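The shown structure was predicted, so the numbers you read here are calculated from the model rather than taken from an experiment. Residues take their numbers from the sequence shown, with the count starting at 1.
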Amino acid sequence: MILTGVDNHPEHAPNGVRGYGHAELRIAAAQADYLVLAIPGTKENENMIDGAVLAGMKKNAVLVNVARGTLVDETALLAAVKSGPPLWGGVGCW
């Protein structure tokens, strides 16, 4: 298993974690089998998971948002789910 993190300081990722900067979110998301969001909802990260990120994810990838609903562009998520291939989403806060 490969653990990946996206952070302001990817160079500080713990041993065994592949770190990416915020500008590399699309790259990290495209490689993920599971994309788990667990960050605060702020203006800076509103809709950070947009149509481009969703479109670049693997077929059958799973998006789990245990953070704030504002992180995911709801319109883009609905479009991605409707258009296929299968995208699985678990939303803890809507």
- Beyond-backbone contact of Leu54 with Ile49, side-chain heavy atoms, under 4.5 angstrom: yes
Identify each donor-acceptor pair in which a side-chain atom of residues 4-11 lies under 3.5 Å from a protein atom, sequence neighbours left out, and give them as a table.
| from | atom 1 | to | atom 2 | distance (Å) |
| --- | --- | --- | --- | --- |
| Asp7 | OD2 | His9 | N | 2.8 |
| Asn8 | OD1 | His22 | NE2 | 2.8 |
| His9 | ND1 | Glu11 | OE2 | 3.3 |

- Which distance, rounded to the nearest 0.5 Å, do you find between the OH of Tyr20 and the CD of Gln31? 3.5 Å
- Task: Consider only side-chain heavy atoms of I, L, V, M, F, W and Y, link residues closer than 4.5 Å, and tell whether Met1 and Tyr34 are in one cluster.
- Result: no
- Once you round to the nearest 0.5 Å, how far does CG of Leu77 lie from NZ of Lys82? 11.0 Å
- Message: Just verifying a value: how many Å separate Leu37 CG and Met48 CE, rounded to the nearest 0.5 Å?
- Response: 6.5 Å
- Can you see which heavy atom on Gly51 is nearest to which on Ala76, and at what distance? N-CB, 3.5 Å
- Note on the structure: The reported gap from OG1 in Thr75 to CG in Asp50 (rounded to nearest 0.5 angstrom) is 11.5 Å
- Linked, directly or transitively: Leu78 and Leu63 (ILVMFWY side chains, under 4.5 Å): no
- Task: Considering non-hydrogen atoms only, spot the tightest contact between Val53 and Ala29 and give its length.
- Result: CG1-CB, 3.7 Å
- Message: So, taking the atom named CG in Leu71 and the one named CG in Asn65, what distance separates them when rounded to the nearest 0.5 Å?
- Response: 5.5 Å
- When every non-hydrogen atom of Gly41 is compared with those of Thr70, the smallest separation belongs to CA-OG1, 3.9 Å
- Query: Are Leu35 and Ile27 joined in one hydrophobic group, where the rule is that I, L, V, M, F, W and Y side chains link up if heavy atoms are under 4.5 Å apart?
  - Reply: yes
- Query: Which pair of heavy atoms, one from Pro40 and one from Asn45, lies closest together, and at what distance?
  - Reply: O-ND2, 2.8 Å
- Item | Straight-line distance of Asp33 CG to Met57 CE, nearest 0.5 Å | 9.5 Å
- Query: Among all residues two or more places apart in sequence or in another chain, which pass the side chain to side chain donor-acceptor pair (under 3.5 Å) test with Arg26?
  - Reply: none
- Is the number of heavy atoms from other residues, nucleotides or ligands under 6.0 Å of Leu3 CG greater than 12? yes
- Task: Could I get the full list of salt bridge (charged side-chain N to carboxylate O under 4.0 Å, His left out) partners for Glu46, not counting sequence neighbours?
- Result: Lys43
